[in-house]
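For reference, the structure discussed in these notes is given below.
To find a chain, count down the sequence lines: A is the first, B the second, and so on, and within it residues start at 1.
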Protein chains: 2
Amino acid sequence: MQRLIAHIGKFIELTDEDRETILSCIPYQEVKKKDYLLRQDAVCNANYFILKGCFRQYYINEKGLEQIIHFGIDNWWITDYDSLERRTPSEYYIQAVENSEIAVLDKRVREELFSKIPGLERYFRLILQRAYAASMQRIKYIYEFTGEERYYHFSNLFPEFIQRIPQYMLASYLGFTPEFLSKIRSKKI
Amino acid sequence: MQRLIAHIGKFIELTDEDRETILSCIPYQEVKKKDYLLRQDAVCNANYFILKGCFRQYYINEKGLEQIIHFGIDNWWITDYDSLERRTPSEYYIQAVENSEIAVLDKRVREELFSKIPGLERYFRLILQRAYAASMQRIKYIYEFTGEERYYHFSNLFPEFIQRIPQYMLASYLGFTPEFLSKIRSKKI
DNA sequence: GCCATTTCTTGAACTTGATTAAGTTTTGGC
DNA sequence: GCCAAAACTTAATCAAGTTCAAGAAATGGC
């Protein structure tokens with residue numbers, strides 16, 4: 001759990017009391033590979049901080065295929081903000097790709113925490129700014145590059161990550177078929 | 001400027017004093033069609049609230065073509081969060097598509113305002129949650145639908161908006177060429 | 001109201017990546 | 001260590017969308 005405290009501490013000042021409050025409000029939890037934090041049609045109830053591990057956020061598209069729109073790894077928050085805030089059924093699944101450890105910030109607890117530690121409101125604003133900027137950047141890449149270029153770009157940026165996940169998940173995230181990824185990889189030997 | 005106050009008021013409680021503080025800190029400004037709020041390589045210095053009008057956020061891609069990644073219209077905030085927060089040169093242009101009216105929240109003033117009205121931190125967090133959720137939704141649409149489907153979906157959602165902007169901008173935003181948009185439109189008579 | 005600029009259209013040749021289907025390799029549970 | 005399930009590969013065919021080039025229509029400034 002020290003990872004979470006350290007992460008928050010990078011963005012805002014925390015007193016020892018704040019740290020204790022946070023630790024007492026945000027429980028630690030282990031999640032097994034393939035377990036779900038959220039399923040389609042459920043209402044999302046928490047923000048999840050990934051202490052260790054990897055999650056994927058995906059939906060089932062019109063053809064019945066899983067389409068991954070987001071990965072979360074160590075030190076990232078993951079949730080469905082739309083479902084969480086508007087209390088609507090989610091369109092997404094959030095599933096552990098490997099055995100993971102998380103910290104669970106329940107919606108109601110979050111509001112209490114915000115009143116006890118107002119700085120946390122700022123922390124989440126800063127986190128969201130980053131996430132939003134990254135999301136815009138992602139749209140930029142989707143438009144700017146071909147599938148093949150996105151693959152090379154991604155594997156240069158996150159070479160270790162590529163080893164961690166099955167290729168079909170990577171293909172889905174990058175927006176093409178596993179067959180096409182296979183073709184790209186066979187080209188370059 | 002009452003539009004801005006009203007918008008903030010929808011998310012957080014404001015006292016009359018807060019309202020005055022906001023009005024005194026966030027100047028009103030008129031922007032002519034084709035004027036820029038931000039250019040590539042400049043460092044972004046403010047959040048802009050669009051009181052009335054329309055802006056586009058775009059970059060110049062490898063082929064030298066303008067690629068629009070975002071539109072901002074009445075009652076939306078627009079900025080380059082990455083450049084604004086990290087003080088890095090922006091990759092984007094933000095340009096008025098039509099004569100517009102905006103409110104300018106300078107970065108430094110923003111920090112002062114946050115200390116005077118802590119609730120604003122919450123307001124921006126909520127705004128960002130929405131923007132981030134919308135951005136994820138956009139990625140979903142890009143992956144789920146063909147260009148033609150995205151066009152019909154967009155024109156059903158925002159029929160008036162389609163009339164306001166040139167078709168080549170719409171094509172760019174939707175991620176295909178103006179020629180292709182022309183072809184789509186000629187199909188359906 | 002005219003001219004220049006900007007925007008939109010059309011069509012042919014081409015590229016990227018999807019689909020389908022079959023076969024191969026790897027992984028994990030017992 | 002074996003077997004079933006999961007993951008990956010290969011290849012032929014097809015669809016979506018680009019590129020290039022040329023011309024037509026709309027718009028705005030004076």
Side-chain angles (χ1 to χ4, degrees), chain A residues 32-35 53-54 56 58 60-68 71 93 95-100 139 141-155 161-189, chain B residues 32-35 54 56 58 60-68 71 93 95-100 139-155 161-189:
Chain A
K32 285 214 183 112
K33 182 172 173 174
K34 294 198 180 174
D35 276 359
C54 179
R56 62 178 181 140
Y58 67 91
I60 306 292
N61 70 17
E62 289 197 325
K63 291 170 202 149
L65 303 174
E66 295 173 355
Q67 175 60 57
I68 295 175
F71 279 114
Y93 297 84
Q95 186 193 37
V97 174
E98 48 192 54
N99 292 332
S100 305
I139 291 172
Y141 282 126
I142 293 172
Y143 280 158
E144 183 146 9
F145 299 118
T146 64
E148 187 170 356
E149 288 167 336
R150 290 202 299 281
Y151 169 69
Y152 286 126
H153 181 262
F154 192 84
S155 44
F161 186 64
I162 302 253
Q163 313 300 337
R164 267 167 83 173
I165 58 165
Q167 279 180 44
Y168 76 90
M169 287 191 190
L170 180 62
S172 174
Y173 178 77
L174 291 176
F176 46 73
T177 59
E179 291 89 341
F180 185 61
L181 177 52
S182 202
K183 211 179 287 182
I184 292 171
R185 286 162 48 89
S186 69
K187 264 195 211 172
K188 192 186 187 179
I189 296 175
Chain B
K32 286 213 182 113
K33 181 171 173 174
K34 294 198 181 172
D35 276 358
C54 179
R56 62 179 181 140
Y58 68 93
I60 305 292
N61 70 16
E62 289 196 327
K63 290 170 201 147
L65 302 174
E66 294 172 357
Q67 175 60 57
I68 295 175
F71 279 114
Y93 297 85
Q95 186 194 35
V97 174
E98 48 192 54
N99 291 332
S100 305
I139 290 171
K140 186 166 180 271
Y141 282 126
I142 293 172
Y143 281 159
E144 183 145 10
F145 299 119
T146 65
E148 187 169 356
E149 288 165 337
R150 291 201 300 280
Y151 169 69
Y152 286 125
H153 181 261
F154 193 85
S155 45
F161 186 65
I162 301 251
Q163 312 300 337
R164 267 165 84 171
I165 57 165
Q167 278 180 45
Y168 75 91
M169 287 191 193
L170 180 62
S172 175
Y173 178 76
L174 292 176
F176 46 73
T177 59
E179 291 90 340
F180 186 61
L181 177 52
S182 201
K183 225 169 277 184
I184 292 171
R185 287 161 48 89
S186 69
K187 265 195 210 172
K188 192 185 187 179
I189 299 175

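The CD atom of B/Q67 sits 10 Å away from the P atom of D/dT18 (whole-angstrom rounding). Atom CG of A/N99 and atom C1' of C/dG28 are 13 Å apart (whole Å). Look at OH on A/Y151: it is 14 Å from P on C/dG17, rounded to the nearest Å. Atom NZ in B/K63 sits about 11 Å away from atom C1' in C/dT15, given to the nearest Å. Between B/Y143 atom OH and C/dG17 atom P the separation is 12 Å, expressed in whole Å. At whole-Å resolution of the value, CD in A/E98 and C1' in D/dA6 are 17 Å apart. Atom pair A/K32:NZ and C/dG29:P shows a separation of 11 Å (rounding to whole Å applied). Atom C1' of nucleotide C/dA18 and atom CD1 of A/I184 are separated by 13 Å, given to the nearest angstrom.
The side-chain heavy atoms of A/N61 and B/Y143, taken from C-beta on, include no pair separated by under 4.5 Å.
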- List the protein contact pattern of nucleotides 23-30 of chain D with one symbol per nucleotide (5' to 3'): B for base contact, S for sugar-phosphate-only contact, - for none; contact means a heavy-atom distance under 4.0 Å. --------

- Nucleotide by nucleotide, 5' to 3', does protein get under 4.0 Å of the base (B), only the sugar-phosphate (S), or neither (-) in nucleotides 7-14 of chain D, counting heavy atoms? SSBB----

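Relative to the axis of its first five pairs, the axis of the last five pairs of the helix from C/dG1-D/dC30 to C/dC30-D/dG1 sits at 70°, rounded to 10 degrees.
A distance below 6.0 Å separates the ring centres of A/F71 and A/F161.
To the nearest 0.5 Å, atoms CD1 (A/I184) and CD (A/E179) are separated by 12.0 Å. Between atom CD1 of residue B/I139 and atom CD1 of residue A/I68 there is a gap of 13.0 Å, rounded to the nearest 0.5 Å. In this structure, A/Q95 CD and A/M169 CE are separated by 6.5 Å, a value rounded to the nearest 0.5 Å.
When all heavy atoms are compared, the tightest approach of A/C54 to A/S100 is N-OG, 3.2 Å. In plain terms, the two heavy atoms of B/L170 and B/Y151 that are nearest each other are CD2-CE1, 3.8 Å. Here the closest heavy-atom approach between residue A/F176 and residue A/G147 is recorded as CE2-O, 3.3 Å. Nearest heavy-atom pair, A/R150 versus A/L174, reported as atom, atom and distance to 0.1 Å: NH2-O, 2.6 Å. When all heavy atoms of B/A96 and B/K32 are compared, the pair lying nearest together is CB-O, 3.5 Å.
Screening B/K34, B/R164, B/K33 for a side-chain hydrogen bond (donor to acceptor under 3.5 Å, both in side chains) with B/E98, the sole residue that qualifies is B/R164.
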